[in-house]
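One structure is given below, encoded as structure tokens.
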Amino acid sequence: MNGIILFGKRFVPYIPHAELEQDIDRLARRMNADFAGGEDIPVLLCVLNGSILFTGELMKRLEFDMELMTIKLSSYQGTSSTGSIREITDISGDVSGRRVIIVEDIVDTGNTILYLRNKLIEEGASDIRICTMLLKPEVYHQDLKLDYVAREIPDKFVLGFGLDFNELGRNLKELYILDE
Ligand code: IMP
């Protein structure tokens, strides 16, 4: 089986790019139905770095006007969550009074999404929706509804399609999984 080795760990192909695209097609159709005809212009908040490819693929499929903003957060070290969120760069614009759609690459413990939701409330966002490419339901136990989930995966470390292992692997087109 063809795989790749990064920092001594082996990753094997898990989800082909075409399947990820189908997941995003489905998600975008739902979002288009929910946001079409709105009077305001919602903010699409890309959580860097991991969501960069997902946000690009999603945006190409969205048919309503939106404003792209970014924030850079970090919580993972190697293959596990540190539990504390570091804000590397702040939100790139003013969200007060705006509807915000958070775009995440993956929701694991949910600490990141909770932190961001609270920050957006403090900054006066009028409505907050959460959109994620991947969710690990076995680990996610927050009391916070995830509005748009493209795909659920088991509690295993994944890599590629924007997700990294110590900053490497983000450029892989398909999703890889740690071979344990
Ligand atoms: P949470 O705060 O535990 O929900 O973790 C969310 C963040 O951790 C994501 O935005 C990713 O940056 C990172 N993360 C969680 N699981 C993985 C994984 O399997 N591979 C790569 N990064 C991950």
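Quick note: numbers below take in every heavy atom, side chains included, and nothing from hydrogens, waters or symmetry partners. Atoms within each ligand, like the ligands themselves, are counted from 1 in listed order.
- Assignment of Asp164 to the shell around ligand 1 is supported, since a heavy atom sits closer than 4.0 Å.
- Some N or O of Gly110 is nearer than 3.5 Å to an N or O of ligand 1, by distance alone.
- Counted within 6.0 Å of CG on Asp155, heavy atoms from surrounding residues, nucleotides or ligands total more than 12; the atom is thus considered enclosed.
- The only member of Arg30, Arg61, Lys60 that meets salt bridge (charged side-chain N to carboxylate O under 4.0 Å, His left out) when paired with Asp25 is Arg61.
- Atoms of ligand 1 found under 4.0 Å from any heavy atom of Glu104, numbered from 1 in the order shown, are 10 (O).
- Leu163 CD2, 3.7 Å is the protein heavy atom nearest to atom 22 (N) of ligand 1.
- Not a single heavy atom of Gly50 sits less than 4.0 Å from an atom of ligand 1.
- Counting heavy atoms from C-beta outward, Glu104 and Ile130 have side chains that stay 4.5 Å or more apart.
- Aromatic ring orientation, Phe11 versus Phe165: tilted (interplanar angle from 30° to 60°).
- Annotation: atom 20 (N) of ligand 1 to nearest protein heavy atom, Val158 O, 2.7 Å.
- Per-residue contacts place Asn111 under 4.0 angstrom from the following atoms of ligand 1 (heavy atoms of the residue considered): 2 (O), 4 (O).
- When each atom of ligand 1 is checked for a heavy atom of Asp105 under 4.0 Å away, the hits are 9 (C), 10 (O), 11 (C), 12 (O).
- Contact annotation for Thr112 and ligand 1: heavy atoms of both the backbone and the side chain come within less than 4.0 Å of the ligand.
- Annotation: side chain of Leu116 is in contact with side chain of Leu45 (closest heavy-atom distance under 4.5 Å).
- Looking at Leu163 and Leu134, their side chains come closer than 4.5 Å, going by heavy atoms from C-beta outward.
- Nearest protein heavy-atom neighbour of atom 3 (O) of ligand 1: Thr109 OG1, 2.4 Å.
- Here the side chains of Ile15 and Val158 are not in contact, with every heavy-atom distance at 4.5 Å or above.
- Per-residue contacts place Lys136 under 4.0 angstrom from the following atoms of ligand 1 (heavy atoms of the residue considered): 16 (N), 17 (C), 18 (C), 19 (O).
- Of the polar atoms of Leu159, none of the N or O atoms is found under 3.5 Å from an N or O of ligand 1, judged by distance alone.
- A heavy-atom distance below 4.5 Å is found between the side chains of Met133 and Asp23.
- Here Lys156 has backbone heavy atoms under 4.0 Å from ligand 1, and that is the only part of it that gets that close.
- Around NZ of Lys119, the count of heavy atoms belonging to other residues, nucleotides or ligands within 6.0 Å exceeds 12.
- Tyr14 has its side chain within reach of Ile153: a pair of non-hydrogen atoms, C-beta onward, lies under 4.5 Å apart.
- If you check which protein heavy atom lies closest to atom 11 (C) of ligand 1, you get Ile106 CG2, 3.6 Å.
- The nearest heavy-atom contact from the protein to atom 8 (O) of ligand 1 is Tyr76 CD1, 3.1 Å.
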